[in-house]
Amino acid sequence: MATVLETSRPTLRIPLTPFKNEPLTDFTNAENARKMKEAISKVRSELGREYDMVIGDKLIKTTEKIKSVNPAKPSEVVGVFQSAGRDHVEPAIQAALTAFESWKRTTVEQRAALVHTVACMLRERKFEFAAWMVFEVGKNWAEADADIAETIDFAELYAREALRLAEAKTVVQMPGEADRLMYVPLGVAAVIPPWNFPCAIMAGMTMAAIVTGNTVVLKPSHDSPAIAAKFFEVLQEAGMPDGVVNFCPGSGASFGSGLVEHPKTRFIAFTGSKEVGLDINQRAAKPQAGQKWIKRTILEMGGKDSIIVDADANLDAAVEGTAQAAFGFQGQKCSACSRVIVDEKVYDVFVERLKDRVSKIVVGEPTENKTMGPVVSEKAMKSILNYIEIGKKEGRLIHGGGPAKEAGEGYFIQPTVIADIAPTARIAQEEIFGPVLAVIKSRNFDDALEIANNTEFGLTGAVYSTSREKLERARADFHVGNLYFNRKCTGAMVGAHPFGGFNMSGTDSKAGGPDYLLLFTQAKSVAEKLGDAPAPEQK
């Protein structure tokens, strides 16, 4: 039976049916393509607007600004944002602390209703939010649509999971006692998201925090503040009280570090690079004057993800899955395939088929829905091109190898495949975060597994094989948080594939899974001897 929740909008009642994933949009449908083109036109008309920082109920402007630009056309400003510095840390924390005192006392039903309302509003604006991602980070239509669909999934799942968590019971009820297990909020969160899933990860971490009763200081990425601003507007429209989320774009070195170090910050939810994640972990571990708790860190960091192609694999399926996983969103996913490890018996055939498949990838303007758009920034482009030059010296260039100048003025790079790479080569070990794929030859399946496990990361991986025995060995011995058989290593679905990695890939938080909200709460056990007071009400 559906649970009905009231939201802060008195006219809206929300039936919570069993969770199911938001359908992806079929852009071969003429009506869907028309709606997307209309959304792109609408967003284009809004480019260049200036946005306030929002702390509590205050709208703040700063002298220093952050300019978000379109990576496909860097001369085009997506939005202008205020730049929070260290002097904004204290006001932001205090606003979140003040809001926490009342927000933590709201019922879980109220909080779940707010988040569910957000899901409904995002569903109504799917094309608009996707269009913002096309402009701000260069996603093509399908990648942008998948991002907003995942955002909706996070909202829908976390609303339901918060209600489930509130119904937790002790394993044993002691005779003569009322024993209760409660999951209570932690406090103020610093939420520091990345630019590559600028809606889903940003919103997912934020909603997980607030649906469990915490409050948030949100510091979006320099490269994607507009999408975060639009999401913040949806939170406000849904009825979120002032100070529950504070919108603070700013410098990582000053504002971000200040947030992490502040004694009243209770926990940090971060997704980004290994280097920044480790710095956050180290700063959070050092207690500050007046700090009463050990800060919790929820960290999702890098990946150096491998697909194993065994000698008995369906090569056509393996080629297609590898190409999609390596070059979807220009390889700018922590889950992207950056290494394909191919059995020597099928190596040459695989490389030729892969070369042919990659040659069909079209690089160009994402508003026109080309297969591959630009990388996110000039800095990223320079770093990726440097790795390509390293790779040319370490192996044999099969395809690509430089800028895609014909695509336009933006940060376009050719999809690049480099074969005959040694397992310990730099491009086989270091995270590139771009459209660069290393092809590595393995002697047999044992050798392939050993190579797959030879990096400091452990996020995603995939195996293409028709052997049940080999798949079961990989299930046990391929040391990654998300492992896939006979499909690509990207595209984790909320609910089905809880996401998070091992080793230097982070704290294995398992976003989108049944354990995730536990990271945003603390368990409180209450035992009451019966007979001295009226029996407590049972939910």
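Only a predicted model underlies this, so the values are computations on that prediction, with no experimental measurement involved.
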Report the C-alpha separation of Ile427 and Ile390 in whole Å, then their side-chain angles, then the decisive distance to 0.1 Å, and conclude whether the side chain to side chain contact (heavy atoms under 4.5 Å, CB included) test is met.
CA-CA 7 Å; Ile427 71 161; Ile390 292 168; 4.3 Å; yes

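- The pair Glu22-Arg123 meets the salt-bridge criterion, since a charged nitrogen lies less than 4.0 angstrom from a carboxylate oxygen.
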Begin with the C-alpha distance, continue with both residues' side-chain angles, and end with the deciding distance and a verdict on side chain to side chain contact (heavy atoms under 4.5 Å, CB included) for Asn140 and Lys370.
CA-CA 6 Å; Asn140 68 16; Lys370 302 302 183 185; over 6 Å; no

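- Exactly one of Asp147, Asn196, Asp145 qualifies for a side chain to side chain donor-acceptor pair (under 3.5 Å) with Lys139. That residue is Asp147.
- Between the side chains of Gln522 and Tyr183, no donor-acceptor pair of N or O atoms lies under 3.5 Å.
- Between Val216 and the options Val244, Leu235, Val191, a side chain to side chain contact (heavy atoms under 4.5 Å, CB included) holds for only Val191.
- Classification of Glu368 and Lys37 as a salt-bridged pair fails, no side-chain N sitting under 4.0 Å from a carboxylate O.
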Decide side chain to side chain contact (heavy atoms under 4.5 Å, CB included) for Thr371 and Val363; before the verdict, give the C-alpha distance in whole Å, the side-chain angles of both, and the deciding distance to 0.1 Å.
CA-CA 6 Å; Thr371 314; Val363 182; over 6 Å; no

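- Annotation: ring pair (Phe, Tyr, Trp, His ring centres under 6.0 Å) contacts involving residues 130-154, sequence neighbours excluded, comprise Phe27-Trp141, Phe154-Tyr158.
- When each of Val260, Thr297, Asn281, Val276 is checked for a side chain to side chain contact (heavy atoms under 4.5 Å, CB included) with Phe270, only Val276 meets the rule.
- Using a 4.5 Å heavy-atom cutoff, the side chains of Ser505 and Met301 are not in contact.
- At a cut-off of 3.5 Å, with distance as the only test, no side-chain donor of Thr62 or Glu64 sits close to an acceptor on the other residue.
- Glu50 and Gln82 share a side-chain donor-acceptor pair at under 3.5 Å.
- Taken to the nearest 0.5 Å, the OH atom of Tyr51 stands 14.0 Å off from the NZ atom of Lys65.
- Of the options Arg34, Lys35, Lys42, a salt bridge (Lys or Arg N to Asp or Glu O under 4.0 Å) to Glu38 is made by Arg34 and by none of the others.
- The number of heavy atoms from other shown groups lying within 6.0 Å of NZ (Lys20) does not exceed 12.
- Counting only residues at least two apart or on different chains, the side chain to side chain donor-acceptor pair (under 3.5 Å) pairs with a member in residues 197-214 are Thr212-Asn214.
- Counting heavy atoms from C-beta on, the side chains of Arg339 and Leu437 never come closer than 4.5 Å.
- Taking CD1 of Ile298 as the start and CD1 of Ile268 as the end, the distance is 9.0 Å to the nearest 0.5 Å.
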As a quick check of understanding, evaluate side chain to side chain contact (heavy atoms under 4.5 Å, CB included) for Asn70 and Glu136, giving each step before the final call.
CA-CA 5 Å; Asn70 178 356; Glu136 190 165 43; over 6 Å; no

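- For Glu406, the CD atom is densely surrounded, since the number of other residues' heavy atoms within 6.0 Å is greater than 12.
- Distance CD1/Ile152 to CG/Leu122: 5.5 Å, rounded to 0.5 Å.
- Residues Met381 and Ile413 form a side-chain contact, since some pair of their non-hydrogen atoms from C-beta on lies under 4.5 Å apart.
- By the 4.0 Å N-to-carboxylate-O rule, Glu409 lies too far from Lys73 to be salt-bridged with it.
- Within the 4.5 Å cutoff, no side-chain heavy atoms of Val77 are placed close to those of Ser68.
- Among residues at least two apart or in separate chains, salt bridge (charged side-chain N to carboxylate O under 4.0 Å, His left out) pairs with a member in residues 202-230 are Glu46-Lys230, Lys230-Glu233.
- Residues Glu150 and Asn21 have side chains not in contact (no heavy-atom distance under 4.5 Å, counting atoms from C-beta outward).
- Sequence neighbours left out, the pairs with a member in residues 498-510 that pass salt bridge (charged side-chain N to carboxylate O under 4.0 Å, His left out) are Asp508-Lys510.
- Heavy-atom contacts from other residues, nucleotides or ligands closer than 6.0 Å to CD1 of Ile294 number 12 or fewer.
- Contact of the Tyr516 side chain with the Met205 side chain is registered, since non-hydrogen atoms from C-beta on lie closer than 4.5 Å.
- More than 12 heavy atoms of other residues, nucleotides or ligands sit less than 6.0 Å from atom NZ of Lys126.
- Thr271 has its side chain within reach of Ile201: a pair of non-hydrogen atoms, C-beta onward, lies under 4.5 Å apart.
- Within the structure, every pair that satisfies the salt bridge (charged side-chain N to carboxylate O under 4.0 Å, His left out) test and touches residues 247-269, not counting sequence neighbours, is listed here: Arg86-Glu261, Glu261-Arg283.
- Side-chain contact between Met207 and Val118 is present, with heavy atoms from C-beta onward closer than 4.5 Å.
- Under the side chain to side chain donor-acceptor pair (under 3.5 Å) criterion, His262 pairs with Glu90, sequence neighbours left out.
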